[in-house]
Amino acid sequence: MKNKLSVLLALLFLLCTAMCCEEFEEYIPCQVTLTGIGKVEHLDNAGSVPVAPVGGVVSRQAYMLRIPLDFEYEKEIVEGTYYEYILTDTIANIQIISLTAYDESHPAGTDVNELFMDYPLRQEDQLTDYKYGYMYGTVFYKIPRTLPQAGVHRFKIVVTTRKGEEFTKETDEITMQ
């Protein structure tokens, strides 16, 4: 009797599970061309969600950099449709160059990308997986591995494609305490 009841409950569970699953449409391939870098923003990551810093000041421990990339799509994007975005020229590198002294070891003009880490994913995963689902481009988030010195900071972001095309964008000033 216990075995029959167990089998009946298992079948009932499977039936309910099958009825609750939504059908997933396949991704539609869509070629995209990198056209530039959007507005790079400083964020304050001290709370439950990152927000714009108040008065251009942020704690060094809570600093986050938002780097949005702009794309041109080969076809019109339809809301609610899943796309597999395939770059016509893949991204080879993203650099962060400090336009002010980052710390004593990294003066102005230094590439400080190794002092930042990707948040929440590793950059290699973001650069090779094109199933993003973002409507207007891909966004990279970076947080410091090594805390910058207190003071005013500015950065230049350089995105280089495999074919050697470069896109650059400078940030506004941010004061880190």
Side-chain angles (χ1 to χ4, degrees), residues 30 32-73 77 79 83-177:
C30 180
V32 295
T33 303
L34 182 63
T35 58
I37 303 171
K39 180 166 175 42
V40 179
E41 297 176 290
H42 306 289
L43 297 174
D44 183 341
N45 195 28
S48 60
V49 294
V51 296
V54 176
V57 178
V58 66
S59 163
R60 296 178 304 144
Q61 292 84 358
Y63 179 71
M64 179 184 280
L65 189 61
R66 180 181 183 273
I67 306 169
L69 302 181
D70 294 331
F71 296 101
E72 181 179 287
Y73 301 89
I77 303 301
E79 190 172 333
Y83 292 97
E84 178 180 17
Y85 298 125
I86 302 166
L87 286 170
T88 55
D89 185 9
T90 58
I91 298 169
N93 194 25
I94 296 179
Q95 290 178 283
I96 302 172
I97 298 169
S98 184
L99 298 176
T100 56
Y102 187 84
D103 59 22
E104 290 180 11
S105 303
H106 300 88
T110 304
D111 182 353
V112 294
N113 194 52
E114 78 277 356
L115 303 180
F116 283 80
M117 63 186 207
D118 296 286
Y119 181 86
L121 302 173
R122 290 182 14 242
Q123 182 172 335
E124 300 87 72
D125 293 338
Q126 293 181 27
L127 295 179
T128 56
D129 182 6
Y130 303 121
K131 295 180 174 135
Y132 286 113
Y134 294 110
M135 294 302 292
Y136 301 107
T138 303
V139 178
F140 293 96
Y141 293 92
K142 301 273 192 174
I143 58 175
R145 274 183 224 269
T146 304
L147 292 181
Q149 65 188 16
V152 176
H153 293 271
R154 283 187 57 227
F155 301 99
K156 178 168 78 170
I157 310 304
V158 180
V159 177
T160 308
T161 66
R162 296 257 182 241
K163 292 180 183 173
E165 190 171 7
E166 280 191 359
F167 300 95
T168 63
K169 187 73 80 158
E170 292 184 11
T171 68
D172 295 330
E173 288 185 348
I174 185 75
T175 301
M176 297 191 207
Q177 299 178 339

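FYI, the numbering just counts along the sequence from 1. Since the structure is predicted, the reported quantities are computational estimates derived from the model, not experimental observations.
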Handout entry: Separation between CG of L34 and CD of E72, rounded to the nearest 0.5 Å
Key = 10.5 Å
Practice task
With rounding to the nearest 0.5 Å, note down the distance linking CZ in R162 to CG in L87.
Solution key: 10.5 Å
Problem - Taking every non-hydrogen atom, the tightest pair across D44 and A62 - result: OD1-CB, 3.5 Å
Exercise for the section: State whether the side chain of K169 and the backbone N or O of I37 hold a donor-acceptor pair below 3.5 Å, judged by distance alone. Expected result: yes
Handout entry: Under 3.5 Å donor-acceptor, E166 side chain and V159 backbone
Key = no
Handout entry: Interatomic distance, R60 atom CZ to I174 atom CD1 [nearest 0.5 angstrom]
Key = 13.5 Å
Handout entry: Distance (rounded to the nearest 0.5 Å) between I157 CD1 and I67 CD1
Key = 4.0 Å
Completion exercise
Separation between CD1 (I97) and CD (E170), nearest 0.5 Å, reads 9.5 Å
Practice task
For the residue pair Y102 and P144, establish whether any side-chain heavy-atom pair is separated by less than 4.5 Å.
Solution key: yes
Problem - Check: D111/Q95 side-chain N/O donor and acceptor closer than 3.5 Å - result: yes
Practice task
Identify the heavy atoms of H153 and Q149 that sit nearest to each other, and give their distance.
Solution key: NE2-O, 2.7 Å
Problem - N/O donor-acceptor pair under 3.5 Å between R66 side chain and V40 backbone - result: no
Handout entry: ring pair (Phe, Tyr, Trp, His ring centres under 6.0 Å) contacts touching residues 154-177 (sequence neighbours left out)
Key = F116-F155
Problem - Main-chain N/O of E165 paired with T161 side-chain donor or acceptor, under 3.5 Å - result: yes
Exercise for the section: Write down the atom of T35, the atom of F71, and the distance for their closest heavy-atom approach. Expected result: OG1-N, 3.7 Å
Practice task
Compute whether any side-chain donor of one residue and acceptor of the other, for T88 and T33, lie under 3.5 angstrom apart.
Solution key: yes
Exercise for the section: Please examine the side chains of Q61 and Q177, heavy atoms only from C-beta on, and report whether any two atoms are closer than 4.5 Å. Expected result: no
Handout entry: Nearest heavy-atom neighbours spanning T168 and V158
Key = CG2-CG2, 3.8 Å
Practice task
Please answer whether the main-chain N or O of T171 pairs with a side-chain N or O of R154 as donor and acceptor at a distance below 3.5 Å.
Solution key: yes
Problem - Euclidean distance, L43 CG relative to M64 CE, rounded to 0.5 Å - result: 6.5 Å
Exercise for the section: Return yes if some donor-acceptor pair links the side-chain N/O of N113 with the main-chain N/O of I94 below 3.5 Å, else return no. Expected result: yes
Problem - Greater than 12 external heavy atoms within 6.0 Å of E104's CD - result: no
Handout entry: Any pair counted as ring pair (Phe, Tyr, Trp, His ring centres under 6.0 Å), so long as it reaches residues 42-65, sequence neighbours left out
Key = H42-Y63
Problem - Verdict with reasoning, D118 to Y141, per side chain to side chain contact (heavy atoms under 4.5 Å, CB included) - result: CA-CA 6 Å; D118 296 286; Y141 293 92; over 6 Å; no
Practice task
Determine the minimum heavy-atom distance between A108 and L99, stating which atoms define it.
Solution key: CB-O, 3.5 Å
Exercise for the section: Mark yes or no for whether T110, through its side chain, and V112, through its backbone, hold a donor-acceptor pair below 3.5 Å. Expected result: no
Fill in the blank from the handout: Heavy atoms of S105 and D103 approach each other most closely as N-OD1, 3.0 Å
Problem - Test item: D89 side-chain N/O and K163 main-chain N/O as donor-acceptor pair under 3.5 Å - result: yes
Handout entry: side-chain hydrogen bond (donor to acceptor under 3.5 Å, both in side chains) against K39, all qualifying residues, sequence neighbours excluded
Key = D172
